[in-house]
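The structure under discussion appears below in the form of structure tokens.
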Amino acid sequence: MDPTAPSITFFDKDTGKGRATYIGSLQPVRLFPPTVGIWFTNQSDEVFKKLKENYEEEPYPSQTRMEELAVEFGAPDWTKIENFYKNMQLKHQETFQ
């Protein structure tokens with residue numbers, strides 16, 4: 001669910017319950033929509049592109065490498081980079097379902 005996407009809410013007259021249907025996004029298509037609390041989703045497109053390039057080169061980096069990437073990208077700590085890698089791995093797995 002993209003909170004910035006325009007939506008239409010349909011109501012059932014009998015029950016009074018509504019169902020929201022999202023009809024598009026006001027933002028360009030992104031692999032991960034900006035989400036509060038998830039560091040990498042709130043970074044610029046340039047930073048995300050570099051993170052993705054690093055992921056494509058080495059999808060399972062060591063903790064030492066993630067610490068280096070955290071310093072390089074200005075992340076608060078290496079766990080933010082680890083979170084990015086885990087999310088990318090899950091996105092990859094979704095393509096097989």
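These numbers were taken from a predicted model, which means no experiment stands behind them. Positions are given from 1 along the sequence.
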**Request:** Check whether any side-chain heavy atom of Asn87 lies under 4.5 Å from a side-chain heavy atom of Phe40, and answer yes or no.
**Result:** yes
**Asked** With a 4.5 Å limit on heavy-atom distance, are the side chains of Ile81 and Tyr85 in contact?
**Response** yes
**Request:** Before accepting this row, confirm whether a basic side-chain N of the pair Glu53/Lys50 lies closer than 4.0 Å to the acidic partner's carboxylate O.
**Result:** no
**Asked** Can you name the nearest heavy-atom pair linking Leu51 to Phe84, along with the distance?
**Response** O-CE2, 3.5 Å
**Message:** Apply side-chain hydrogen bond (donor to acceptor under 3.5 Å, both in side chains) to residues Gln63 and Glu67 and explain how you reach the verdict.
**Reply:** CA-CA 6 Å; Gln63 181 177 336; Glu67 289 170 352; 3.1 Å; yes
**Asked** With no hydrogens and no angle check, is any side-chain donor or acceptor of Thr41 less than 3.5 Å from a backbone partner on Phe32?
**Response** no
**Message:** Donor-acceptor pair, distance only, cut-off 3.5 Å: does the side chain of Asn83 make one with the backbone of Thr79?
**Reply:** no
**Item:** Whether Gln43 side chain and Trp39 backbone form a donor-acceptor pair below 3.5 Å
**Value:** yes
**Complete:** Closest heavy-atom pair, Gln89 versus Pro59, reported as atoms and distance to 0.1 Å, is NE2-O, 3.0 Å
**Item:** Heavy-atom pair with the smallest gap, counting every atom of Met66 and Glu82
**Value:** SD-CA, 3.4 Å
**Asked** Of Glu72, Arg65, Lys49, which is the lone residue that meets side-chain hydrogen bond (donor to acceptor under 3.5 Å, both in side chains) with Asn54?
**Response** Arg65
